[in-house]
Structure formats: structure tokens, C-alpha cells
Amino acid sequence: MKPTSCYSHRPLAHAISKVLSGGAIALGFASTFAAAQGKDWGEPVAVDGVGGGCPIETRDARSLYVASGSAGTLDIYVYQREGTTGPFTTGPIRAEFPVSDDMSDDFCPTPLPDSYLLFVSDRAGPDACGGADIYATRYRPGSSINWDEAVNLGCAPNGPNTAGTELSPAFVTMAKGAYLFYSSNVDGDQDIYRSTLFPDGRFSPGRAVPELNTDGDDRQPNVRRDGLEIVFASNRDGAGQDVFVASRPNTYAPWSEIRNLSLELGFPTVDSNETRPSLSWDRTRLYYGSGGTIFVSERAMPER
């Protein structure tokens, strides 16, 4: 059955929503964290021993997911460390099929609590919507197949995926609901969209977030766990892709104070592009990729 049917992906969607709603900070009011933005970020440094792009840390800070080229295609890899700080000493470990498919590009991994994973793939098949779509799976170590079947989140109007290319899913539970942020070029250049997770487990078609989008290429969003801060990549300032940040005082307000962190803080770059920025679960680390190098910047967060 195609995942455009609510039955095919409803159990997985419900499970992801239940896990996140139990661990996220669902704020519908002003937070002191909203003020902690660019001024507090330190100089980014290259992450030792880690290569690729699309970097993102797991909730426990012990693993770093990336995408990297392999035999002509992109695959998803994991680097690990023993503690929550220090270098990643194990890896790269290739996430096996059905996450990494030898015949497709698989990238933009987004690890979620309880071993769930969102990712993007341009794999062919009867459930594909076109371009590259967002999929979900779950890691089950010790089973005959370590990963559950990869489930397409659904083709519009029965889901967020389109005939275009979707990038960088970010799932967040807030006071007013559960949402999937991502970018898509279905209407031309990449723009940032938001999809709603309905109570019955279906994802809505995406709706553009107008205050974040320009006539340029605005892509690869990642939302902080409380829904009050977002980082993304954009070429809106006329150069390559830079890292931008926006905030809002509460989850009912529009995004504002959009700022170019790359220009303000002089982020180092390898190929004039900083791509797929992401925030750690504790909001103190900002990762991004550039020319196959992964960078990380750190900041101190105020006490609540």
C-alpha cells in the first residue's frame, strides 16, 4: 500500500509524535532562551575525524549523523563517542539498507528520540513522489534487519512530499501541535515549509513560511526543541549559502530578527557555502557543513 494512504504511515507517525511530546519543551509563552542568539556563538572549528555534510547530533550527544559520497551516491553515516563531549572516535559507520540504498542518494538524516530517523532519499519506487522525498524509519539493533522499512511520509495533498526535492526534515512538538519543518523547490527555488501532524497520524501538505522565504534559495531548516529558534541556509545576501538564524518570543508568533551568522561572526568555509546548519538538543552547539568539512560552534545558554 502506498504511504499516501493514512494507514501505511499512521502508526509510525503516532509513535514519533508520542516520543517527542514526552521529551520536548512545548512552550507557548516567552522564553529567556529566545534571546540567546548569534552574539553568544563562538568561532566554529572543524570537527576532528569527521567528514561529509548534513551534520546533526543525536539527542544524547553521543552520535553525529552525516551524509557522504560512496560509490557515486550519497549515503548516511554515523560517528560515535563514549561521552557527551570530546572527539568522535568511532566511525564512519554506514547506516545500512533501507536507510542507505546503493541505487539512490540518501541524505539529510534527522535522528529523533527512541531510535527513530527521518531522512531524504531520491530512491525510485511506486511510493516515490518525485525528486527527493522525506522518509522515516526506526533502528532496532539485534533484529534480523537493523532498520525498519523506510516509510515515505506521503505525497501532497496527503503528505509533505512533492514532485520537487524536499530537504532537511525537522520535527518539533510545541504547545499548539506537532510540526515538520523542511524545505522544497516545488515552486522554483528552495523555500522553507511547515507540515502539521494530524491527530489521526497523517501529515498535511506543506505550507510555505512566508517570513523566512525570499526570492533567493532558502533551505535546510532546523528548529530548536522549544520551537523558538530556527537555523537555515540561504543565499539571500547575494553570495553563497550562509547560515541564518531567526527567533520568536513564543510559538504562536511569526519568525523575526533574521540574521546572517556567517557574515556577523565570520564563519569559516571551504567552498563559499555553509550548508544544513543544525542545533544540538541542549541548544549549545551549532553544526554545519562546507566542502566536505563539518564545523561546530558553541555557546553558553542562560539559566531559565
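Only heavy atoms go into these numbers, but all of them, side chains included; no hydrogens, no water, no symmetry mates.
At distances below 3.5 Å, at least one donor-acceptor pair connects side-chain atoms of Arg81 with backbone N or O atoms of Gly86. Although no hydrogens or angles enter the test, the distance criterion places a donor-acceptor pair under 3.5 Å between the side chain of Asp226 and the main chain of Leu228.
Counting heavy atoms from C-beta on, the side chains of Tyr193 and Val186 come closer than 4.5 Å. Side-chain contact between Leu64 and Tyr287: present, with at least one pair of heavy atoms (C-beta onward) separated by less than 4.5 Å. In this structure the side chain of Ile230 never reaches within 4.5 angstrom of the side chain of Val209, judged on heavy atoms. Asn260 is not listed as a side-chain neighbour of Arg236, based on a closest heavy-atom distance of 4.5 Å or more. Between Leu117 and Trp147 there is a side-chain heavy-atom pair separated by less than 4.5 Å. Side-chain contact between Asn235 and Asp242 is absent, with no heavy atoms from C-beta onward closer than 4.5 Å.
For a disulfide, the SG atoms of both cysteines must be under 2.5 angstrom apart; this holds for Cys155 and Cys129.
For the pair Ile76 and Val99, the tightest heavy-atom approach, listed with the atom from each and the gap, is CD1-CG1, 3.7 Å. Nearest heavy atoms, Tyr288 versus Pro277: CB-CA, 4.1 Å. Across all their heavy atoms, Arg276 and Ser168 have their closest contact at CG-OG, 3.4 Å. Pairing each heavy atom of Ala136 with each of Leu118, the nearest pair is CB-CD2, 3.6 Å. Scanning both residues, Thr293 and Ala46, for their nearest heavy atoms gives CG2-CB, 3.9 Å. Closest of all the heavy-atom pairs between Glu57 and Ser280 is OE1-CB, 3.3 Å.
Ring geometry, Phe119 versus Tyr135: the interplanar angle falls under 30°, so the pair is classed parallel (tilted spans 30 to 60°).
Side-chain contact annotation: Glu166 with Ser184, donor-acceptor N/O pair under 3.5 Å present. Asp218 and Ser234 form a side-chain donor-acceptor contact under 3.5 Å, judged by distance and modelled atom types alone. No hydrogens or angles considered: nothing links the side chains of Tyr182 and Asn161 as a donor-acceptor pair under 3.5 Å. In this structure, a donor-acceptor pair under 3.5 Å is absent between the side chains of Thr275 and Gln241. Between the side chains of Asp106 and Ser121, at least one donor N or O lies within less than 3.5 Å of an accepting N or O. Side chains of Thr84 and Asp60: a donor-acceptor N/O pair is absent below 3.5 angstrom, by distance only.
The pair Glu229-Arg283 fails the salt-bridge criterion, with no side-chain N (NZ, NE, NH1 or NH2) lying under 4.0 Å from an Asp/Glu carboxylate O.
Residue Phe295 holds its CZ atom at 8.5 Å from CD of Glu274, rounded to the nearest 0.5 Å. Residue Phe171 holds its CZ atom at 7.5 Å from CG of Leu112, rounded to the nearest 0.5 Å. For the atom pair Asp191 CG and Asn213 CG, the distance stands at 4.0 Å (nearest 0.5 Å). Between the CG atom of Asp127 and the CG atom of Leu153 there is a distance of 11.5 Å, given to the nearest 0.5 Å. In this structure, CG on Asn222 lies 5.0 Å from CD1 on Ile56, to the nearest 0.5 angstrom.
Residues satisfying the side chain to side chain donor-acceptor pair (under 3.5 Å) test with Ser278, not counting sequence neighbours, are none. In terms of the salt bridge (Lys or Arg N to Asp or Glu O under 4.0 Å) criterion, residue partners of Asp102 (sequence neighbours excluded) are, by chain and number, Arg94.
Crowding of Glu211 atom CD: a count of heavy atoms from other residues, nucleotides or ligands under 6.0 Å exceeding 12. Atom CD of Glu96 is surrounded by 12 or fewer heavy atoms from other residues, nucleotides or ligands within 6.0 Å.
Hydrophobic clustering, with ILVMFWY side chains joined whenever heavy atoms are under 4.5 angstrom apart, groups Val270 together with Leu286. The hydrophobic cluster containing Val50 also contains Val45, counting ILVMFWY residues as joined when their side-chain heavy atoms lie under 4.5 angstrom apart, directly or transitively.
For the side chain to side chain donor-acceptor pair (under 3.5 Å) test with Asp133, the passing option among Thr165, Asn152, Thr162 is Asn152; the others fail.
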